[in-house]
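Written below as structure tokens is the structure these notes are about.
One is the number of the first residue; the rest follow in order along the sequence.
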Amino acid sequence: MRALMTTISFWVFAAGLACGGYVLVRDMVPRLAESGAGIAAALPIIVLAAAVIAVIIWALDRSHAQIRSAWALAFAWGAIGACGLSLQINGFASDAVNDVLDDPGATHWGAALVGPLNEETIKGAGVALLLVMFRDRLHRPLQIFAVGAFAGLGFQVVENLTYAITFALRDAQSDVAGALTVTLLRALFGFQSHWVYTGFFALGLALLRSRPALAALAVALSYLMHFWWNAPSGDDPMVALALILLKCAVTLTLLGGAWWWMILEQRRWLQGAITTPEAAELAPPAELATLPTRAQRRAGEQYLRYYYGPAYADVAHQRQLWLIRELTYRVG
């Protein structure tokens with residue numbers, strides 16, 4: 001942490017957190033006090049949904065070089081810095097849209113026009129700062145996607161909280177009913193939202209130097225998926241439900257495709273990394289040859305388990321993970 005505090009990017013990051021935190025405290029704390037019962041009922045669901053998504057992000061990051069401190073800072077940026085700054089900027093941008101479109105256009109399309117542009121840019125700016133702060137350890141697309149996903153998850157948690165507060169105050173019958181209704185709906189149908197969008201933005205940042213065309217596509221998809229999710233679905237409930245399900249399916253399909261590409265890219269990179277001089281300094285060729293794929297690593301472990309026993313296989317497994325981490329840091 002001391003090393004990070006010597007960088008300009010850290011202090012820009014900290015300033016963003018401070019500004020965002022100020023806006024959140026100013027705008028949310030009074031409303032939070034007014035909807036205490038509703039928030040008390042909705043908060044466990046919000047936390048449980050976030051925990052499930054955090055486990056999914058952890059499972060998707062197959063780089064074996066996770067930087068947990070970067071995950072925590074990314075979550076903090078999404079929850080505090082990005083949410084607070086977006087809350088402030090979205091107010092100005094919404095006023096501008098209202099002036100240009102008037103009703104009903106502004107009512108129907110305001111969220112789709114304002115939210116993606118402001119929110120993805122601000123979340124992505126925080127991720128970019130983290131990539132600079134952790135530039136000696138964050139190199140692989142899988143790693144960087146996870147950092148972006150945690151930034152989006154932080155944003156998603158606080159946004160769900162703000163929706164719970166808003167609907168608790170709107171419901172004339174029961175704060176609890178209003179908060180629970182919107183929280184359950186967002187948990188069921190919006191679970192694949194911000195963490196996926198910002199993960200794609202982060203993936204674009206990861207590919208910016210090596211594959212600019214793919215980088216542009218990933219960043220564009222982050223904006224487009226968010227725009228499509230916010231776009232109006234019509235007044236017919238059945239049509240709206242069908243569109244929501246379609247949006248979920250498309251988002252998850254794009255996520256699956258991106259993840260599979262990142263896995264293949266990780267394997268391709270490892271196949272090249274084990275032939276470098278840096279790899280030769282770490283382990284003999286026979287051991288390095290077991291690293292590129294999960295099947296090869298397991299085959300190496302099973303060989304040692306058969307001939308030397310489980311203890312040797314366990315040591316080999318830990319050493320394989322260590323070698324992958326070291327190659328990530330040294331070769332990148």
Side-chain angles (χ1 to χ4, degrees), residues 47-79 120 123-124 126-128 130-131 134 137-157 160 187-208 210-211 214-215 217-219 221-222 225-226 229 247-270 273 291-298 317 320-321 324-325 327-329 332:
V47 172
L48 178 61
V52 171
I53 294 172
V55 171
I56 293 173
I57 298 171
W58 169 80
L60 291 177
D61 185 359
R62 301 278 290 277
S63 68
H64 303 296
Q66 296 93 346
I67 310 298
R68 305 295 168 80
S69 55
W71 288 2
L73 288 173
F75 185 91
W77 175 261
E120 295 310 318
K123 287 184 292 177
V127 174
L130 286 171
L131 296 187
F134 292 90
R137 287 180 287 171
L138 288 174
H139 300 292
R140 307 306 313 147
L142 281 167
Q143 289 179 294
I144 296 170
F145 181 91
V147 172
F150 271 103
L153 178 59
F155 192 99
Q156 195 166 319
V157 167
N160 287 345
L188 287 173
F189 298 112
F191 70 94
Q192 81 312 332
S193 59
H194 283 284
W195 69 274
V196 178
Y197 309 153
T198 316
F200 269 83
F201 196 108
L203 178 59
L205 295 177
L207 299 174
L208 197 56
S210 60
R211 303 185 180 185
L214 277 180
L217 176 61
V219 172
L221 283 173
S222 73
M225 284 188 289
H226 195 165
W229 179 259
K247 292 173 182 181
C248 292
V250 170
T251 300
L252 292 176
T253 300
L254 289 171
L255 173 63
W259 181 75
W260 184 245
W261 179 87
M262 287 187 285
I263 291 291
L264 295 178
E265 177 66 14
Q266 178 74 1
R267 292 176 182 175
R268 184 202 62 77
W269 170 77
L270 271 173
L291 298 181
T293 69
R294 191 176 185 182
Q296 289 173 304
R297 293 193 293 272
R298 284 187 172 178
H317 175 71
Q320 286 171 345
L321 300 183
I324 294 173
R325 283 196 298 272
L327 288 173
T328 301
Y329 302 154

Any side-chain heavy-atom pair of Leu327 and Leu270 under 4.5 Å: yes

Verify, without hydrogens or angle tests, whether Gln156 (side chain) and Trp195 (backbone) share a donor-acceptor contact under 3.5 angstrom. yes

Taking all atoms of both residues into account, what is the closest heavy-atom pair of Leu207 and Pro141, and its distance? CD2-CG, 4.4 Å

Find out whether Leu73 and Phe134 are in side-chain contact, i.e. whether some heavy atom of one side chain is under 4.5 Å from a heavy atom of the other. yes

Working to the nearest 0.5 Å, report the span between CD1 of Ile57 and CG of Leu153. 5.0 Å

Under 3.5 Å, is there a donor-acceptor pair between the side chain of Gln66 and the main chain of Trp71? no

Interatomic spacing from NE2 in His64 to OG1 in Thr328 - rounded to 0.5 Å: 9.5 Å

Candidate pair Phe150 and Arg68, rule side-chain contact (heavy atoms from CB on, under 4.5 Å), full reasoning: CA-CA 10 Å; Phe150 271 103; Arg68 305 295 168 80; over 6 Å; no

Here the pair of heavy atoms bringing Thr198 nearest to Ala151 is CG2-CB, 4.2 Å

Test side-chain contact (heavy atoms from CB on, under 4.5 Å) on Phe191 and Asn160; report intermediate values, then the result. CA-CA 10 Å; Phe191 70 94; Asn160 287 345; over 6 Å; no

Output the distance between atom CZ (Arg298) and atom CD (Gln320), rounded to the nearest 0.5 Å. 11.0 Å

Sub-3.5 Å donor-acceptor pair from the side chain of Glu120 to the main-chain atoms of Ser222, do we have one? no

Min side-chain heavy-atom separation Trp259-Leu142 under 4.5 Å: yes

Spatial distance of atom CG (Leu264) from atom OG1 (Thr293) [nearest 0.5 Å]: 11.5 Å

Output for pair (Ile53 CD1, Ser193 OG), nearest 0.5 Å, gives 7.0 Å

Answer yes or no: are there more than 12 heavy-atom neighbours, outside Trp58 itself, under 6.0 Å from its atom CH2? no

Distance-minimising heavy-atom pair for Val127 and Ala202: CG1-CB, 3.8 Å

Testing the basics here: between Ser63 and Ile324, what is the closest heavy-atom pair and its distance to 0.1 Å? O-CG2, 3.3 Å

Exercise: identify the closest heavy-atom pair between Trp229 and Gly190: CZ2-CA, 4.0 Å

Any pair with a residue in residues 255-266 that passes salt bridge (charged side-chain N to carboxylate O under 4.0 Å, His left out), sequence neighbours left out, goes on the list, sorted by first then second residue, please. Arg140-Glu265, Arg211-Glu265, Glu265-Arg268

Apply the test side-chain contact (heavy atoms from CB on, under 4.5 Å) to residues Leu138 and Ile67: give CA-CA distance (whole Å), side-chain angles for both, the deciding distance (0.1 Å), then the verdict. CA-CA 8 Å; Leu138 288 174; Ile67 310 298; 3.8 Å; yes

Side chain proximity check, Phe201 to Lys123, heavy atoms < 4.5 angstrom: no

What distance separates Leu130 CG from Ile144 CD1, expressed to the nearest 0.5 Å? 11.0 Å

Which pair of heavy atoms, one from Tyr329 and one from His139, lies closest together, and at what distance? O-NE2, 3.8 Å

Any side-chain heavy-atom pair from Gln192 and Leu255 closer than 4.5 angstrom? no

Parallel, tilted or perpendicular, as decided by the 30° and 60° cut-offs, for the rings of His194 and His226: perpendicular

